[in-house]
Amino acid sequence: MPELAEVEVTRRQLLPLLGLTVACAEKLSDKNLRLPLGKGDLGRLSGARLDAIDRRGKYLIWHFLGADGVPLEMVVHLGMSGKTLLDAADASPHDHLRWHWSQGATLTYRDVRRFGFVAVGDVGLGTEMTATMGPEPWDETWAAQVAAKAKKGSRSVKALLMDQSVAAGLGNIYVCEALFATGIHPETPAYKLKNKQIEALHEAVQGVLERAIAAGGSSIQDFKAAHGSPGYFQLELKVYGRAGEGCPACGEEIRAIKQQGRTTFFCARCQR
DNA sequence: TAGTAGACTTGCAAGC
DNA sequence: AGCCTGCAAGTCTACT
């Protein structure tokens with residue numbers, strides 16, 4: 001499912017689990033996710049109380065107090081198709097993990113393509129796994145940090161913004177949307193951007209993500225958040241997935257090109 | 001070193 | 001219907 005907006009929607013829907021204790025956590029599949037998870041890792045969660053769920057970029061960082069009184073962390077990345085389901089209403093061959101909680105709640109990790117992962121470790125695991133990540137969209141130094149990276153090298157602004165070490169949490173959908181909102185052509189070399197344009201990009205990134213979160217995320221393919229309901233922001237996407245349709249601003253046909261192996265959608269008249 | 005293809009994985013849709 | 005090709009919310013590795 002996941003760019004930052006979908007991950008944040010997921011995080012908020014998991015907050016009812018705070019304060020609950022893990023009775024046991026089990027593997028439902030022998031297939032490995034992107035990172036292998038040992039049985040001992042899941043065992044560490046038995047009896048652990050969930051105290052907080054944070055998000056950094058597209059990563060969810062779960063903070064527990066272990067049964068032995070030692071704090072521990074669980075890091076979850078949803079990859080392309082990962083979902084966390086509270087009290088899953090159905091079963092799937094792609095259900096990989098299940099946590100049983102006090103008071104009878106269950107949480108299922110489902111991931112068709114298995115590009116995501118779940119990791120359990122000591123305090124600091126989440127920080128370690130996101131150490132090279134760029135600023136969050138609501139970081140007031142975002143524009144300054146992105147500008148510093150933009151000036152180095154020759155890559156396009158699209159490639160720049162897709163790089164998690166430049167700006168955290170952005171993916172193909174919201175980069176396309178933010179570039180459209182600021183009228184910047186996706187193939188513009190990043191070093192040519194004016195500081196004013198990068199500040200405008202910051203505004204656009206915040207705006208599109210805030211509206212996407214409010215709408216429950218974008219449900220392309222079959223994104224479902226924790227309680228199984230889809231998001232509706234795909235209805236508000238201006239260019240992503242709309243090749244051949246008219247630009248909502250000028251009517252020009254929206255174009256699709258390939259950059260770094262990913263499809264970029266843009267309006268050649270509005271974005272220069 | 002920076003930047004770009006390729007790989008990983010499964011399912012779905014379009015085209016023949 | 002059946003088969004084939006291409007494409008998908010991400011990121012890591014390997015090569016130029």
Side-chain angles (χ1 to χ4, degrees), chain A residues 1-11 29-36 55-60 75-84 92-96 109-119 128-134 137 148-179 186-191 205 208-209 211-213 215-226 230-244 256-265:
Chain A
M1 39 198 250
E3 292 184 38
L4 187 152
E6 291 71 37
V7 176
E8 178 61 21
V9 167
T10 298
R11 188 189 73 84
S29 156
D30 287 333
K31 294 189 170 177
N32 273 338
L33 300 173
R34 179 151 64 82
L35 299 179
R55 181 194 52 72
R56 178 77 173 98
K58 302 169 191 173
Y59 290 67
L60 287 174
V75 178
V76 176
H77 193 291
L78 300 168
M80 289 279 257
S81 55
K83 307 164 188 36
T84 52
S92 154
H94 305 294
D95 291 345
H96 301 293
Y109 180 76
R110 181 176 297 177
D111 189 347
V112 171
R113 293 168 71 183
R114 311 204 313 276
F115 290 169
F117 68 82
V118 172
E128 189 185 312
M129 297 187 90
T130 58
T132 62
M133 194 165 284
K149 298 249 170 102
K151 289 184 172 55
K152 300 195 297 182
S154 60
R155 70 229 275 228
S156 66
V157 60
K158 168 88 185 310
L160 179 83
L161 295 177
M162 293 284 285
D163 184 339
Q164 300 302 294
S165 72
V166 172
L170 302 178
N172 207 27
I173 296 177
Y174 299 116
V175 168
C176 289
E177 293 297 308
L179 287 171
E187 291 178 310
T188 306
Y191 67 81
V205 161
V208 71
L209 289 176
R211 286 184 287 116
I213 291 167
S218 298
S219 288
I220 294 166
Q221 303 295 334
D222 64 344
F223 165 66
K224 297 283 190 345
Y232 295 97
F233 195 67
Q234 70 278 8
L235 303 174
E236 298 179 42
L237 296 174
K238 308 283 194 216
V239 290
Y240 182 87
R242 299 196 184 282
I257 59 173
K258 283 282 182 201
Q259 291 181 283
Q260 285 73 45
R262 313 294 298 278
T263 305
T264 300
F265 300 89

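Residue numbers begin at 1 in each chain, while the letters A, B, ... track the order of the sequences. Any value given below was found using the heavy atoms of this structure, including those in side chains, with hydrogens, waters and symmetry copies removed. From a predicted model like this one, the values you see are computed outputs, not experimental measurements.
- The side chain of A:Arg155 sits closest to B:dT4 out of B:dT4, B:dG11, C:dT11.
- A salt bridge is absent between A:Asp163 and A:Lys149; no separation between the charged side-chain nitrogens and carboxylate oxygens falls under 4.0 Å.
- Within 3.5 Å, a donor on the side chain of A:Arg113 pairs with an acceptor on the base of C:dA8, or the reverse.
- Among the heavy atoms of the strands lying under 4.0 Å from A:Tyr59 are primed sugar atoms or P, OP1, OP2 only; no base atom is included.
- The shortest non-hydrogen separation linking A:Ser81 to A:Asp111 is OG-OD1, 2.6 Å.
- Using bins of under 30°, 30° to 60° and over 60° for the plane-to-plane angle, the ring pair A:Tyr59/A:His77 lands in the perpendicular bin.
- A straight line from CG of A:Asn32 to P of B:dT10 spans 12 Å, rounded to a whole angstrom.
- Rounding to whole angstrom units, CG of residue A:Asp163 and C1' of B:dT1 are separated by 14 Å.
- Side-chain N/O atoms of A:His94 include one lying less than 4.0 angstrom from OP1 or OP2 on B:dG11.
- Candidate nucleotides C:dG10, B:dT4, C:dC12 were compared by shortest atom distance to the side chain of A:Arg262, and C:dG10 ranks first.
- Atom CE of A:Met80 is separated from atom P of B:dA7 by 16 Å (rounded to the nearest Å).
- Contact check for A:Glu3 versus A:Ser218: no side-chain heavy atoms found under the 4.5 Å cut-off.
- No side-chain donor from either of A:Lys258 and A:Thr264 sits under 3.5 Å from a side-chain acceptor of the other.
- With both ends at atom P, the span from B:dG6 to C:dG6 equals 13 Å, rounded to whole Å.
- As judged by a 4.0 angstrom heavy-atom cut-off over every strand, A:Gly261 is placed among residues making no nucleic acid contact.
- Here the side chain of A:Arg114 pairs a donor or acceptor atom with the backbone of A:Asn32 at under 3.5 angstrom.
- Distance A:Arg242 CZ to C:dA8 C1': 17 Å, rounded to the nearest Å.
- Contact between the side-chain N/O atoms of A:Gln164 and the OP1/OP2 oxygens of C:dT11 is found at a separation under 4.0 Å.
- Between A:Met129 atom CE and C:dG10 atom P the separation is 17 Å, expressed in whole Å.
- Residue A:Lys31 contributes atom NZ, which lies 13 Å from atom C1' of B:dC8 at whole-angstrom precision.
- Between B:dA14 and C:dA8, the distance separating the two C1' atoms is 14 Å to the nearest Å.
- Counting non-hydrogen atoms under 4.0 angstrom, A:Lys149 reaches nothing in the nucleic acid.
- Picking from B:dT4, B:dT10, C:dA8 the nucleotide with the shortest atom distance to the side chain of A:Arg114 gives B:dT10.
- A:Ser81 has no side-chain polar atom (N or O) that falls below the 4.0 Å cut-off from OP1 or OP2 of B:dT10.
- With B:dT10, C:dC12, B:dG3 as the candidates, the nucleotide lying closest to the side chain of A:Ser154 is B:dG3.
- If you take NZ of A:Lys151 and P of B:dT1, they are 23 Å apart, rounded to a whole angstrom.
- Closest approach to the A:Lys258 side chain among C:dA8, C:dT11, B:dT10 is made by C:dA8 (side chain taken as heavy atoms from C-beta onward).
- Under the Watson-Crick or G-U wobble criterion, with both distances below 3.5 Å, B:dT9 has no partner in any strand shown.
- Judged by Watson-Crick or G-U wobble contacts below 3.5 Å, the nucleotide B:dA14 has no partner.
- Comparing the same atom, P, in C:dC7 and in B:dC16 gives a spacing of 15 Å after rounding to whole Å.
- Nearest to the side-chain atoms of A:Phe115 among the listed nucleotides C:dT11, B:dT4, B:dC8 stands B:dC8.
- One can place CD1 of A:Ile257 at 17 Å from C1' of C:dC7, the figure rounded to the nearest angstrom.
- The backbone N or O of A:Phe115 lies less than 3.5 Å from a partner atom in the side chain of A:Arg34, making a donor-acceptor pair.
- Of the candidate nucleotides B:dC8, B:dT10, C:dC7, B:dT10 has the atom lying nearest to any side-chain atom of A:Val112.
- Between A:Lys58 and C:dT11, a side-chain N or O to OP1/OP2 separation shorter than 4.0 Å is present.
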